[in-house]
Peer 1: 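Dropping a structure here in structure tokens format, bear with me for questions.
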Amino acid sequence: MFAEYLTRGVKAGLVAGLVFGLFMAIVANPLVAYADELNHAAVEESAHSHDAEGTHSHDAEGTHSHDAEGTHSHESDGAHSHESGGTHAGEGGGHHDTAVSMAVTKAVSVAAGGLWGVVLGGAFFGVAFFFLEPAIPGPDAAKSYLMGFAGFVTVSGAPWLVLPPAAPGAEQSLSAATRLPLYAGMMLAGALACLSAGYAYVRLRESSGLVAAAVGAVVPFGLLAAVAVVAPDNAVHGALSPTLETGLAGLFAFGQLLLWLVLAAAHAQFRSSGESESATPIAGRDAAPAAD
């Protein structure tokens, strides 16, 4: 029995992971690469401005000699000529290397997405669903989608209340040594909120009706938001425009929602197909005896 649950979860995770990997390779990665280029350009411009200010100050003091000018002119001309020749010589191979690099990056994204989906499918829709299914309210299909919602809240939603997705190259006020345990703690808080919501719904539905059960299920998520309010603030500073940063954060959130939605839908489909096959009469065992 447990092997069936685990197999079903892994299969659903593989489907969702491949969809998520294709989304990352086709949509997210180009935008992230563009944002990364903007960050590099901003850093280089800042360094160039700093060097220009230092050179201007040095010239103003009168320490720039005629020999230095001659040397600078000679070295600049030689370096420019050498670099230009080298650039033109290697330009043809650069385009080929870029194409190969992009193809490899896309392949890695798809493979990584598939692996990530398998891990989530096996953990949530295999192991956790095996133990929690009797306590999850609703019909069979709804149970898969509720499990997907709980998975999103646990892995992404709750931690993002404290540590929202950051754009590439952005500087964060909290160190990695602080962010990692904080993220893990919010994951635990998200899982507890989902379990508490399910428990409150089932108990109140039996004793007080549907409305009271719905209200009771919402309360744990309100407490989860309160926990996020008292958590340490993580200020994020980056070179990207606020519009682009918001777009990247929305893209990351959409990717995770897509992953969990496809995971839940695939699990519900596999579950329905498995139950249909098990209910089909098998000749020689379930078939009615023939009349004499």
Side-chain angles (χ1 to χ4, degrees), residues 16-17 19-53 101-102 105-106 108-109 112-113 115-117 119-120 148-194 220-261 263:
V19 172
F20 177 69
L22 289 172
F23 169 78
M24 291 297 297
I26 298 173
V27 179
N29 285 350
L31 185 57
V32 171
Y34 172 71
D36 193 48
E37 289 178 1
L38 291 181
N39 275 320
H40 282 300
V43 171
E44 291 177 358
E45 183 179 356
S46 177
H48 179 72
S49 299
H50 179 74
D51 292 342
E53 290 176 359
S101 177
M102 291 179 61
T105 301
K106 290 182 178 180
V108 170
S109 296
L115 180 59
W116 179 233
V119 171
L120 294 179
F149 172 77
F152 172 77
V153 171
T154 300
V155 176
S156 299
W160 283 353
L161 292 175
V162 177
L163 300 171
E171 296 181 357
Q172 304 183 52
S173 59
L174 295 179
S175 64
T178 302
R179 295 198 305 268
L180 290 177
L182 184 60
Y183 198 100
M186 289 304 297
M187 286 181 61
L188 178 60
L192 291 176
C194 293
F221 297 106
L223 297 176
L224 180 63
V227 172
V229 171
V230 300
D233 184 46
N234 181 45
V236 180
H237 304 282
L240 303 180
S241 64
T243 302
L244 184 55
E245 289 182 352
T246 303
L248 285 170
L251 185 68
F252 297 150
F254 176 79
Q256 290 300 309
L257 285 171
L258 176 67
L259 171 64
W260 287 102
L261 179 61
L263 184 53

Peer 1: Does Asn234 use its side chain to pair, donor to acceptor, with the backbone of Leu163 at less than 3.5 Å?
Peer 2: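 Pair absent, no side-chain N/O of Asn234 close to backbone of Leu163.
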Peer 1: Could you tell me whether the side chain of Phe23 reaches within less than 4.5 Å of the side chain of Leu259, counting heavy atoms only?
Peer 2: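 A side-chain contact is absent here, since even the closest heavy-atom pair is not under 4.5 Å.
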Peer 1: With sequence neighbours left out, write down each residue that passes side chain to side chain contact (heavy atoms under 4.5 Å, CB included) with Ala228, or none if nothing qualifies.
Peer 2: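 Expected list: Leu161, Val162, Met186.
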Peer 1: Under the ring pair (Phe, Tyr, Trp, His ring centres under 6.0 Å) test, which residues partner Tyr183, sequence neighbours left out?
Peer 2: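 Here no residue qualifies.
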Peer 1: For Cys194 and Ala150, work out which heavy atoms get closest and say how close.
Peer 2: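 Closest approach of Cys194 to Ala150: SG-CA, 3.6 Å.
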Peer 1: Indicate every side-chain donor-acceptor pair of residues 238-248 with a distance under 3.5 Å to a residue at least two apart or in another chain.
Peer 2:
residue, atom, partner, partner atom, Å
Ser241, OG, Leu244, N, 3.3
Thr246, OG1, Pro242, O, 2.8

Peer 1: Quick check for you: to the nearest 0.5 Å, what is the distance between Lys106 atom NZ and Leu22 atom CG?
Peer 2: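 It is 10.5 Å, given to the nearest 0.5 Å.
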Peer 1: Minimum heavy-atom separation for Ala193 to Pro220, with atom names?
Peer 2: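 Heavy atoms only, the tightest pair is O-CB, 3.5 Å.
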Peer 1: I need the full list of side chain to side chain donor-acceptor pair (under 3.5 Å) pairs touching residues 156-167, with sequence neighbours left out, sorted by first then second residue.
Peer 2: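 Counting only pairs at least two positions apart or across chains, the side chain to side chain donor-acceptor pair (under 3.5 Å) contacts touching residues 156-167 are Ser156-Gln256.
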Peer 1: If I take atom CD1 from residue Ile26 and atom CG from residue Leu31, how far apart are they, to the nearest 0.5 angstrom?
Peer 2: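 That separation rounds to 14.5 Å.
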Peer 1: Determine the minimum heavy-atom distance between Pro181 and Ala176, stating which atoms define it.
Peer 2: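 Smallest interatomic distance, heavy atoms only, reads CD-O, 4.4 Å.
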Peer 1: Between Pro165 and Ala249, which heavy-atom pair has the shortest distance, and what is it?
Peer 2: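 Scanning both residues completely, I find the closest heavy atoms to be O-CB, 4.3 Å.
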Peer 1: Working to the nearest 0.5 angstrom, can you tell me the gap between Leu251 CG and Met24 CE?
Peer 2: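 Leu251 CG to Met24 CE: 7.5 Å, rounded to 0.5 Å.
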Peer 1: Ignoring hydrogens, what is the shortest heavy-atom contact between Thr154 and Met187? Give both atom names and the distance.
Peer 2: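 The answer is O-CG, 3.2 Å.
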Peer 1: First locate atom CG of Leu258, then atom CZ of Phe20, and finally report the distance between them rounded to the nearest 0.5 Å.
Peer 2: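 Going from CG on Leu258 over to CZ on Phe20, the span is 8.0 Å.
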Peer 1: What pairs with Leu192 under side chain to side chain contact (heavy atoms under 4.5 Å, CB included), at least two apart in sequence or on another chain?
Peer 2: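 Per chain and number, Leu192 pairs via side chain to side chain contact (heavy atoms under 4.5 Å, CB included) with Leu188.
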Peer 1: I'd like to check the ring pair (Phe, Tyr, Trp, His ring centres under 6.0 Å) partners of Phe252; sequence neighbours left out, ordered by chain and number.
Peer 2: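 Expected list: none.
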Peer 1: When you measure from the side chain of Ser109 to the backbone of Ala25, do you find a donor-acceptor pair of N or O atoms at a distance under 3.5 Å?
Peer 2: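 Side chain of Ser109 to backbone of Ala25, a donor-acceptor pair under 3.5 Å: no, none is there.
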